[in-house]
Amino acid sequence: MIEAELGRCVASWVPGATGVGGAEKLSGGASQETWSFDILHPDGNIGAILRRAPPGYGASPSRAAGLDAEATLMQLAHAAGLPSPEVMGVLQPQDQLGIGFVMRRIAGETIARKILRDAQFAGARPLLARRLGEVAAGIHGLDAAKLPELRTMSATKEIADLEREYRGFNWPRPVFELALRWLRERDPGQSDEVTLVHGDFRHGNLIIGPDGLRAVLDWELAHLGDPMEDLGWICVNSWRFGEIDKPVGGFGSREELFAGYEAAGRKVDPDRVMFWEVMGTLRWGVMCCGMMQRFRAGPDHSMERAMIGRRSSETEIDLLRLLAPRA
């Protein structure tokens with residue numbers, strides 16, 4: 001049924017399109033779905049992706065920018081020459097598909113272990129850290145006047161939000177207490193420059209090919225804030241997948257990341273990046289604890305939640321490594 005509805009939509013976006021085929025649901029939770037499909041065209045089929053909240057599920061989680069905002073951000077990024085998929089169309093009420101958008105499908109890999117180990121990516125790996133710095137600089141330089149309405153985050157608010165969530169678990173963890181104290185004592189306050197922040201700039205949200213970075217995905221946590229947050233998040237040890245001597249995603253150094261960022265005309269504050277790396281490590285630890293709590297509470301006792309939940313202990317080790325020289 002969704003193919004017929006999609007066919008009506010794409011006919012107005014892609015001149016000459018005759019319909020769609022091969023629709024396959026890639027993921028689907030309680031409120032959002034992702035579909036892959038082909039737009040059928042006499043000149044050659046076009047691979048596409050639908051991201052949507054089905055009818056009746058329009059509300060976004062409190063931290064999410066919302067699908068309409070995501071589409072706008074991706075359009076701005078694509079227009080600025082950044083590696084972001086082309087948004088082909090935004091759903092309208094008459095489409096009867098809910099809230100969302102259709103973007104061009106981009107070939108490549110998002111699974112970190114393949115990117116870090118498979119021979120086909122060997123030539124790309126040494127170039128990725130610098131390239132990510134360049135792309136992060138481009139994201140942070142997008143014209144603020146053109147951005148959709150987004151929440152504004154500061155270090156102070158993020159600390160408070162994390163602490164409130166952590167306390168709500170009623171699951172004391174001494175290393176998390178140490179990290180919270182470290183963050184409060186070193187809170188840099190609001191950044192002198194507030195920019196667009198991608199919010200989830202890491203493995204899984206990057207499409208990589210043998211030629212390098214092809215696209216940045218999943219702008220759902222985008223917000224306004226300290227641009228150093230994105231640089232700290234990509235350095236969190238959880239995204240290195242065992243390559244701990246290469247802080248940027250397991251494939252590069254902070255120096256390479258910073259060099260790319262500054263070559264693109266922006267300034268790095270290494271102390272603020274380290275602050276956000278600690279914050280990001282704690283944030284992931286708290287998120288893992290949340291998964292474990294949901295596993296315990298049920299009714300969906302999924303093995304995936306349990307496996308992610310147990311990774312909270314890994315973040316404790318990461319935090320001790322980060323904080324020991326600076327406590």
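Atoms considered below: every heavy atom in the structure, side chains included; atoms not considered: hydrogens, waters and symmetry mates.
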Nearest 0.5 Å, what's the [atom1]-[atom2] distance between [X] and [Y]?
X: F37; Y: E24; atom1: CZ; atom2: CD; value: 13.0 Å
X: N45; Y: I39; atom1: CG; atom2: CD1; value: 9.0 Å
X: D226; Y: T152; atom1: CG; atom2: OG1; value: 12.5 Å

Any carboxylate oxygen within less than 4.0 angstrom of a Lys/Arg side-chain nitrogen, looking at [X] and [Y]?
X: R164; Y: D161; result: yes
X: R105; Y: D38; result: yes
X: R283; Y: E165; result: no
X: E262; Y: R266; result: no
X: R51; Y: E33; result: no

TODO: Starting from the C-alpha separation in whole Å, work towards a yes-or-no answer on side chain to side chain contact (heavy atoms under 4.5 Å, CB included) for F101 and R52.
DONE: CA-CA 6 Å; F101 58 90; R52 71 158 184 165; over 6 Å; no

Does some side-chain heavy atom of [Y] sit less than 4.5 Å from a side-chain heavy atom of [X]?
X: F201; Y: L132; answer: yes
X: V87; Y: V102; answer: no
X: L257; Y: V273; answer: no
X: E277; Y: L231; answer: no

After noting the C-alpha distance and the side-chain angles of T34 and L50, does the key distance pass the side chain to side chain contact (heavy atoms under 4.5 Å, CB included) rule?
CA-CA 6 Å; T34 301; L50 165 69; over 6 Å; no

Start with the C-alpha gap between W239 and W233, add the side-chain angles, then the distance that decides, and say whether side chain to side chain contact (heavy atoms under 4.5 Å, CB included) holds. CA-CA 9 Å; W239 319 138; W233 184 239; 3.3 Å; yes

*Hey, does the Lys NZ or Arg CZ of R272 hover above the aromatic six-ring of F275, less than 6.0 Å from the centre and inside 45° of the axis?*
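Output no; distance or angle outside limits.
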
Distance to the ring centre below 6.0 angstrom and angle to the axis at most 45 degrees; does that hold for R173 and W171?
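Yes, a cation-pi geometry holds between R173 and W171.
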
Within a 6.0 Å radius of atom [atom1] on [X], are there more than 12 heavy atoms belonging to other residues, nucleotides or ligands?
X: E149; atom1: CD; value: no
X: N170; atom1: CG; value: no
X: D143; atom1: CG; value: yes

Q. Is there a donor in the side chain of R202 and an acceptor in the side chain of S238, or the other way round, less than 3.5 Å apart?
A.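 No pair is found: no donor N or O on one side chain lies under 3.5 Å from an acceptor on the other.
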
For this session: Examine the side chains of E256 and S253 and answer whether a donor and an acceptor come within less than 3.5 Å of each other.
Result: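 The criterion, which ignores hydrogens and geometry beyond distance, is satisfied for S253 and E256.
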
Verdict with supporting geometry, E229 and H198, side chain to side chain donor-acceptor pair (under 3.5 Å): CA-CA 9 Å; E229 179 183 345; H198 180 275; over 6 Å; no

Of the options K267, E134, R130, H140, which is the one that meets Y261 in a side-chain hydrogen bond (donor to acceptor under 3.5 Å, both in side chains)?
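Option passing the side-chain hydrogen bond (donor to acceptor under 3.5 Å, both in side chains) with Y261: H140.
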
Nearest heavy atoms of L150 and A222, plus distance in Å: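 Reported closest heavy-atom pair: CD2-O, 3.9 Å.
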
**OP:** Give a yes or no on whether L221 and M153 share a hydrophobic cluster (residues Ile, Leu, Val, Met, Phe, Trp, Tyr; joining criterion: side-chain heavy atoms under 4.5 Å apart).
**Re:**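 Unlinked, L221 and M153 end up in two clusters.
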
task: May I ask whether W13 and L97 are part of the same hydrophobic cluster, defined by side-chain heavy atoms of I, L, V, M, F, W, Y residues being less than 4.5 angstrom apart, directly or through others?
output: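 Same cluster.
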
Please report the C-alpha distance between V90 and Q75 in whole Å, then the side-chain angles of each, then the deciding distance to 0.1 Å, and finally whether the side chain to side chain contact (heavy atoms under 4.5 Å, CB included) criterion is met. CA-CA 11 Å; V90 177; Q75 288 169 326; 4.2 Å; yes

Hey, does the side chain of R104 reach the backbone of M88 with a donor-acceptor pair shorter than 3.5 angstrom?
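No; judged by distance alone, with no hydrogens or angles, the pair does not exist.
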
>> Among L180, L282, L320, D318, which residue satisfies the side-chain contact (heavy atoms from CB on, under 4.5 Å) criterion with V175?
In response: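 When L180, L282, L320, D318 are each tested with V175, the side-chain contact (heavy atoms from CB on, under 4.5 Å) holds only for L320.
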
